[in-house]
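Report on the structure given below.
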Amino acid sequence: MEPLIRDISDTARWVAVYRARESERSDAVFRDPYARALAGDRGEQIANALPVAQQNAWAWTARTCLFDRHVTQLVGEGADVVVNLAAGLDARPYRMDLPASLRWVEVDLPEILDYKEQVLRDASPRCALERVRLDLANLDARRGLFARLGREANKIAVLTEGLLIYLMADAVCELGRDLAACPAVRHWVVDIVSPGLLRMLQEQMGDIVRQAGAPYLFAPSEGPAFFERCDWKPIAVGSMLKTAHKLNRLPPFLRILAMLPESKGPQGSRPWSGVCRLERF
């Protein structure tokens with residue numbers, strides 16, 4: 001029998017379903033008119049087979065909103081290039097209000113970008129869009145890409161949405177140092193989970209993602225302060241739980257938790273997730 005999630009690209013189809021479902025609400029907090037087509041039947045099949053994930057759709061809605069806000073902020077502050085690493089089926093260059101002068105670079109594996117290009121062949125991005133087919137595990141290739149982009153831009157913002165959880169801590173740090181080595185890269189927006197939430201995800205979804213060759217791995221005990229070891233400092237941290245509460249997307253049993261004071265330090269065994277904006281030291 002074919003596994004539910006065959007590979008890392010299937011996770012992109014799966015997550016697109018939640019963007020589609022949010023977009024189709026009458027009170028949607030964002031609208032992604034491309035998400036349904038990008039998710040396809042495969043994405044819907046995966047989402048419907050995972051009731052646990054459906055109960056946590058609020059987390060993907062909150063994450064999307066937080067990344068959207070950071071993109072809007074960074075572009076408003078003068079970022080001339082946005083680099084989306086492991087871009088998957090993200091459609092921000094098509095759905096967000098972005099200046100035509102902005103350059104957007106999507107980096108991902110050839111299979112997922114070929115699929116995305118086919119689905120969006122009749123759509124027009126709002127800004128200059130470049131797709132780079134590259135395996136980020138290929139260190140020489142990614143460093144060459146960062147060096148090229150650094151020569152072509154003045155102020156680069158990097159996004160890694162939904163990527164780091166699949167990497168070992170050393171690999172995250174190596175990526176961070178590679179980005180910090182490029183003077184034009186000023187900001188990096190990441191999402192992370194606590195060790196407590198990682199254990200929950202591994203219990204609920206661990207076998208499924210492991211079979212796809214994409215186990216959940218990264219949950220730094222230091223929280224956002226982890227990135228200081230690879231030359232980045234957190235300047236803004238947004239809790240997904242509290243964001244979802246403000247967006248009125250939390251199920252009732254989580255609303256009381258969302259009203260508790262936010263912990264500023266390491267989250268430890270607490271099931272916490274957040275989006276962090278990092279600035280180079």
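Sequence positions, counted from 1, serve as the residue numbers for this chain.
- Using a 4.5 Å cut-off on side-chain heavy atoms (C-beta onward), W104 and V82 make contact.
- Linking Ile, Leu, Val, Met, Phe, Trp and Tyr whenever their side-chain heavy atoms come within less than 4.5 Å leaves L159 and L85 in two separate clusters.
- Taking a cutoff of 4.0 Å between a charged side-chain nitrogen and a carboxylate oxygen, E174 and R143 qualify as a salt bridge.
- Separation of the F30 and F67 ring centroids does not fall under the 6.0 Å cut-off.
- Comment: R277 engages E77 in a salt bridge, judged by a side-chain N to carboxylate O separation of less than 4.0 angstrom.
- A salt bridge does not link D135 with R142: none of the charged nitrogens is closer than 4.0 Å to a carboxylate oxygen.
- Heavy-atom minimum distance, G88 versus A12: CA-CB, 4.2 Å.
- Going from atom CZ of R6 over to atom CZ of R42 covers 4.0 Å, rounded to the nearest 0.5 Å.
- Counting heavy atoms from C-beta on, the side chains of C182 and L149 never come closer than 4.5 Å.
- When all heavy atoms of W232 and G176 are compared, the closest pair comes out as NE1-O, 2.9 Å.
- In this structure, D90 CG and T64 OG1 are separated by 8.5 Å, a value rounded to the nearest 0.5 Å.
- Contact of the T72 side chain with the L98 side chain is not registered, since no non-hydrogen atoms from C-beta on lie closer than 4.5 Å.
- In this structure, CD1 on I208 lies 12.0 Å from CG on L201, to the nearest 0.5 angstrom.
- Counting heavy atoms from C-beta on, the side chains of D191 and L164 never come closer than 4.5 Å.
- The side-chain heavy atoms of V29 and R249, taken from C-beta on, include a pair separated by under 4.5 Å.
- Using a 4.0 Å cut-off between a side-chain N of Lys or Arg and a carboxylate O of Asp or Glu, K116 and E111 do not qualify as a salt bridge.
- The aromatic rings of Y216 and Y166 lie tilted to each other, with the angle between the two planes from 30° to 60°.
- Taking CG of L247 as the reference point, atom SG of C65 lies at 5.0 Å (rounded to 0.5 Å).
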Full working for side chain to side chain contact (heavy atoms under 4.5 Å, CB included) between M205 and L50: CA-CA 9 Å; M205 303 282 299; L50 296 171; 3.6 Å; yes
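- Using a 4.0 Å cut-off between a side-chain N of Lys or Arg and a carboxylate O of Asp or Glu, R148 and E130 qualify as a salt bridge.
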Evaluation steps, salt bridge (charged side-chain N to carboxylate O under 4.0 Å, His left out), between R95 and D68: CA-CA 10 Å; R95 67 172 179 82; D68 281 3; 2.8 Å; yes
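- Closest heavy-atom contact between F226 and P220: CB-CB, 3.5 Å.
- Aromatic rings from Y18 and W60 are positioned such that their centres are separated by under 6.0 Å.
- In the displayed structure, I256 atom CD1 is contacted under 6.0 Å by at most 12 heavy atoms of other residues, nucleotides or ligands.
- Residues D80 and R103 are not paired through a salt bridge, judged by the lack of any N-O separation under 4.0 Å between the basic side chain and the carboxylate.
- Cluster annotation: F146 is not connected to L74 through the hydrophobic network of ILVMFWY side chains, with a link wherever side-chain heavy atoms come within less than 4.5 Å.
- In the displayed structure, D97 atom CG is contacted under 6.0 Å by at most 12 heavy atoms of other residues, nucleotides or ligands.
- For the pair R255 (side chain) and L250 (backbone), a donor-acceptor distance under 3.5 Å is present.
- E106 has no carboxylate O lying under 4.0 Å from a charged side-chain N of R133, or vice versa, which leaves the two without a salt bridge.
- Panel note: side chain R63, backbone S273; no donor-acceptor pair is recorded below 3.5 Å.
- The heavy-atom pair separating V237 from P234 by the smallest distance is CG2-CB, 4.3 Å.
- Considering CG of D108 and CG of L163, their distance stands at 8.5 Å, rounded to 0.5 Å.
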Trace of the side chain to side chain contact (heavy atoms under 4.5 Å, CB included) decision for W58 with T61: CA-CA 5 Å; W58 58 267; T61 297; 5.5 Å; no
Residue pair N84, V107: steps toward the side chain to side chain contact (heavy atoms under 4.5 Å, CB included) verdict: CA-CA 6 Å; N84 191 355; V107 184; over 6 Å; no
Side chain to side chain contact (heavy atoms under 4.5 Å, CB included) between L145 and V132, worked out: CA-CA 9 Å; L145 172 65; V132 178; 4.1 Å; yes
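- Scanning all heavy atoms of the two residues, the minimum distance from P224 to I192 falls at N-CD1, 3.7 Å.
- Look at R186 and E279 and you find no salt bridge, because none of the NZ, NE, NH1 or NH2 atoms lies under 4.0 Å from a carboxylate O.
- Connection of V15 to V17 is not established within any shared hydrophobic cluster, with ILVMFWY side chains joined at heavy-atom distances below 4.5 Å, either directly or through further cluster members.
- Taking both residues in full, the closest heavy atoms of V275 and M240 are given as CG2-CE, 4.0 Å, listed atom of the first, atom of the second, then distance.
- Both tests hold for R13 against Y115: distance to the six-membered ring centre under 6.0 Å, angle to the ring axis within 45°.
- By the criterion of side-chain heavy atoms lying less than 4.5 angstrom apart, applied directly or through intervening Ile, Leu, Val, Met, Phe, Trp or Tyr residues, W272 is not grouped with V193; the two fall into different hydrophobic clusters.
- Within the 4.5 Å cutoff, the side chain of L278 has no heavy atoms near those of the V189 side chain.
- Salt bridge absent: R280 and D231 never bring a charged side-chain N and a carboxylate O closer than 4.0 Å.
- Counting only heavy atoms from C-beta outward, the side chains of R270 and P195 never approach each other to under 4.5 Å.
- Residues passing the side-chain contact (heavy atoms from CB on, under 4.5 Å) test with L217, sequence neighbours excluded: M168, P215.
- Within the 4.5 Å cutoff, side-chain heavy atoms of Q204 are placed close to those of N56.
- Using a cutoff of 4.0 Å between basic side-chain nitrogens and carboxylate oxygens, E44 and R36 are scored as salt-bridged.
- Going from atom CG of D178 over to atom SG of C230 covers 10.0 Å, rounded to the nearest 0.5 Å.
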